[in-house]
Amino acid sequence: MSRLQLGVNIDHVATLRQARFRGLSHLPAVEPDLLQAARDAIAGGADQITIHLREDRRHIQDADVYLVRENIASRINLEMGLTPEIIAIALDVRPDVVCLVPEHRQEVTTEGGLDVAGREALVTATTQQCQEAGIKVSLFIDAEASQIAAAARTGAEMVELHTGAFANAHGPARTLETEKLIAGAIMAHEAGLIVNAGHGITTHNIGELFAMPHLHELNIGHHLICRALRIGLTPAVAEMRALMDHYPCPPRASTGAPSPA
Ligand code: PXP
């Protein structure tokens with residue numbers, strides 16, 4: 001049995017570092033240490049380290065991407081917008097996976113999924129470029145039929161279904177969002193896509209997400225970093241990992257980097 005994979009997003013560690021040391025990366029006292037955070041996450045049971053190189057460089061810096069790639073043996077997932085500059089960096093660094101996300105400078109965090117249906121030609125071309133460089137491609141999308149169908153046409157191996165609306169909903173709206181995610185997971189799986197999910201996942205809501213079939217991987221950041229402030233990152237990740245081990249995974253042929261079913 002392959003376990004549900006856990007990608008730990010460590011962007012907020014860089015957010016904290018930048019709050020004090022932006023432009024001062026040469027100083028010996030720079031903290032917190034991003035690589036140490038990655039290692040702590042792996043010690044807690046992370047299968048993958050996820051980082052987002054944003055166009056505005058608000059947290060992860062170019063040098064971080066290279067540093068993480070060169071020093072961390074686990075799977076690296078680079079989240080990125082569809083900008084030529086960032087795509088060029090990804091093609092140079094060659095993470096195991098890129099997750100294509102929408103990006104607007106004014107947003108606080110990634111809001112809404114990538115409009116694959118509306119930007120299909122560009123997403124398809126970027127997907128091909130990355131795949132030719134040996135990088136697997138995931139598309140961060142809302143669980144909508146039109147987006148899933150378009151994602152399948154691009155040739156990307158994976159989709160990451162956006163769980164933000166689910167996480168923020170209460171009562172009947174929460175039930176509706178859960179149903180959308182279930183339907184989206186089924187549709188994506190039937191279209192031959194590997195199904196991941198992420199955004200706003202916590203130890204409190206993760207159990208409800210287990211209603212989604214075919215889940216391969218969850219990417220989790222904010223809650224783990226908040227929890228780490230109280231108990232440390234390794235125990236925070238281990239706590240999440242223990243919950244994730246309750247997800248019933250079907251047997252898989254291989255347990256390494258994901259490949260299309
Ligand atoms: N997946 C994607 C594509 C994201 O953009 C983010 C946020 O950076 C996450 C997962 C993690 O979300 P959160 O920090 O809310 O756990």
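Note that ligands are numbered from 1 as they come in the structure, with each ligand's atoms numbered from 1 the same way. Just so you know, these numbers use all the heavy atoms, side chains as well, and skip hydrogens, waters and symmetry mates.
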At less than 4.0 angstrom from any non-hydrogen atom of [X], what atoms of ligand 1 do you find?
X: His222; value: 13 (P), 14 (O), 16 (O)
X: Gly221; value: 11 (C), 13 (P), 14 (O), 16 (O)
X: Glu79; value: 1 (N), 2 (C), 3 (C), 4 (C), 5 (O), 6 (C), 8 (O), 10 (C)
X: Val101; value: 3 (C)
X: Asn9; value: 8 (O)

Can you check whether [X] has an N/O within less than 3.5 Å of an N/O in ligand 1?
X: Asn219; answer: no
X: Ile220; answer: no
X: His12; answer: no
X: Gly200; answer: yes

Exercise for review: Salt-bridge test for Asp11 and Arg54: reply yes if a basic N is under 4.0 Å from a carboxylate O, no otherwise.
Suggested key: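 Salt bridge flag = no for Arg54 with Asp11.
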Review point. Do Arg57 side-chain atoms and Glu55 backbone N/O form a donor-acceptor pair below 3.5 Å?
Key: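 It does hold such a pair.
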Review point. Donor-acceptor pair, Asn77 side chain versus Asn219 backbone, under 3.5 Å?
Key: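 Answer holds: no.
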Exercise for review: Between His223 and ligand 1, find which residue part has any heavy-atom pair under 4.0 Å and reply side chain, backbone, both or neither.
Suggested key: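 Contact part for His223 vs ligand 1: neither.
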Review point. Taking non-hydrogen atoms only, is His162 closer than 4.0 angstrom to ligand 1 via side chain, backbone, both or neither?
Key: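 Answer for His162: neither.
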Check your understanding: Counting heavy atoms not belonging to His223, are there more than 12 under 6.0 Å from its NE2?
Key ->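 Atom NE2 in His223 is packed in, count exceeds 12.
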**Study point:** Face-on cation placement of Arg174 at Phe166 ring, 6.0 Å and 45° thresholds
**Key:**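 Pair Arg174/Phe166 counts as cation-pi.
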Practice item. For side chain to side chain donor-acceptor pair (under 3.5 Å), just list the numbers for His12 and His59, CA-CA rounded to whole Å, side-chain angles, deciding distance to a tenth of an Å, and then say yes or no. Key: CA-CA 7 Å; His12 286 331; His59 37 56; 5.9 Å; no
Exercise for review: Give a yes or no on whether the ring-centroid distance for His162 and Phe140 is below 6.0 angstrom.
Suggested key: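 Centroid separation for His162 and Phe140: below 6.0 Å.
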Review point. Would Leu16 and Phe21 show up in the same hydrophobic cluster when neighbours are defined by side-chain heavy atoms closer than 4.5 Å?
Key: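 No, Leu16 and Phe21 fall in different hydrophobic clusters.
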